[in-house]
Amino acid sequence: MLCSVLAAHAEEISICYNYGCAIAAKVNFQANELSAARKLLLPATGAAEEREAVSVAIGLFEAAAGRQTPTSADKGRNVNDDGVDGRMDCIDESANATAYLHLLEGLGWLTFHRVLEPLKRAPLLVNEHWAARIVEKKTGQEFAVDSWFFDNGQPAFVVPLEDWLAGTEPNEK
């Protein structure tokens, strides 16, 4: 019964790719893919544990989307996949991560966080960068959820928003 309920709630979502959301695609998550995300999130007993699970779940959803679209070719950052069909810049990554987070929220699997709209930082005028965003319900602290740094299917970088806005990258944490 659970599998059919999961499939009914998440028949498909929209993702995008090829920089700047140039191409949109529908992705259907199978019951086993949803179950894997559920098993990560529902045992979480606190907000920090849930953020760790969110990080891994984003990677699982990216991998599943990559089996249905050319996004499996996406490499971390932009220079590693320039010109490749399925490449994703930070705009694509933030839009897709937000869609995955809304899916988790809609299924009731986020206990300690709410999903907010993506946010950009612009430390230099020509160097803007986007990320998905969540907020801890109890404290109001916001976190960036940034999958752009890594190849398709890897866990996302989840960091306090103030650190992300200051330019913190995964190798610095």
Side-chain angles (χ1 to χ4, degrees), residues 10 13-25 27 29 37 40-41 44 46-66 69 71 74-82 86-173:
I13 66 166
S14 292
I15 67 160
C16 62
Y17 58 93
N18 279 359
Y19 290 8
C21 285
I23 296 179
V27 173
F29 292 112
L40 289 168
L41 288 153
E49 196 175 336
E50 185 171 84
R51 286 190 297 277
E52 290 177 25
V54 161
S55 170
V56 176
I58 295 295
L60 291 175
F61 285 150
E62 276 197 354
T69 69
T71 59
D74 181 56
K75 300 294 181 200
R77 303 182 183 261
N78 288 353
V79 297
N80 298 320
D81 61 7
D82 189 33
R87 66 194 178 275
M88 292 189 285
D89 62 7
C90 62
I91 295 168
D92 303 315
E93 294 278 7
S94 66
N96 296 346
T98 300
Y100 303 145
L101 290 165
H102 278 301
L103 173 61
L104 295 173
E105 186 176 52
L107 289 168
W109 297 347
L110 293 182
T111 303
F112 302 99
H113 297 87
R114 285 184 305 106
V115 180
L116 301 174
E117 291 304 308
L119 184 70
K120 78 173 176 177
R121 67 181 185 200
L124 303 172
L125 193 55
V126 295
N127 192 23
E128 73 179 40
H129 183 68
W130 287 83
R133 191 167 47 133
I134 56 176
V135 61
E136 188 176 328
K137 292 176 184 177
K138 185 176 181 179
T139 66
Q141 183 176 10
E142 294 183 21
F143 295 84
V145 179
D146 194 341
S147 55
W148 174 78
F149 294 102
F150 309 111
D151 291 357
N152 176 271
Q154 297 302 305
F157 179 52
V158 180
V159 63
L161 187 62
E162 60 271 12
D163 293 346
W164 183 84
L165 287 169
T168 299
E169 294 192 8
N171 57 354
E172 298 174 357
K173 270 303 208 190

Is there side-chain contact between [X] and [Y], with heavy atoms separated by less than 4.5 Å?
X: I15; Y: M88; answer: no
X: L165; Y: L119; answer: yes
X: Y19; Y: D92; answer: yes
X: F143; Y: R133; answer: no
X: D146; Y: H129; answer: yes
X: F112; Y: K138; answer: no

Shortest non-hydrogen contact between S94 and A132, atoms and distance
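The pair with the smallest heavy-atom distance is CB-N, 3.7 Å.
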Considering all heavy atoms of both residues, which atom of Q141 and which atom of P160 are nearest to each other, and what is their separation?
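Between these two residues, the closest heavy atoms are NE2-CB, 3.5 Å.
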Keeping the roles fixed (side chain from [X], backbone from [Y]), state whether a donor-acceptor pair exists under 3.5 Å.
X: D163; Y: T168; answer: no
X: E142; Y: L161; answer: no
X: E50; Y: T111; answer: yes

For the pair F149 and F157, name the ring-plane relationship: parallel under 30°, tilted 30 to 60°, perpendicular over 60°.
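Answer is perpendicular, since the angle exceeds 60°.
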Working to the nearest 0.5 Å, report the span between CZ of F150 and CZ of R77.
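So the CZ of F150 and the CZ of R77 are separated by 8.0 Å.
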Between the CG atom in L107 and the CZ atom in F29, the distance rounded to the nearest 0.5 Å is 10.5 Å
Verify side chain to side chain donor-acceptor pair (under 3.5 Å) between W130 and D89, making sure each step is shown before the conclusion.
CA-CA 9 Å; W130 287 83; D89 62 7; over 6 Å; no
Dump the intermediate steps for side-chain contact (heavy atoms from CB on, under 4.5 Å) on W109 and L103, then the final yes or no.
CA-CA 9 Å; W109 297 347; L103 173 61; over 6 Å; no
Are more than 12 heavy atoms from other residues, nucleotides or ligands located less than 6.0 Å from atom CZ of R114?
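Open.
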Name the atoms and distances for all side-chain donor-acceptor pairs under 3.5 Å in residues 51-66, with sequence neighbours left out.
from, atom 1, to, atom 2, distance (Å)
R51, NH1, H113, NE2, 3.2
R51, NH1, E136, OE1, 3.2
S55, OG, A156, N, 3.3
S55, OG, A156, O, 2.5
E62, OE1, G153, N, 3.0
E62, OE2, S147, OG, 3.1

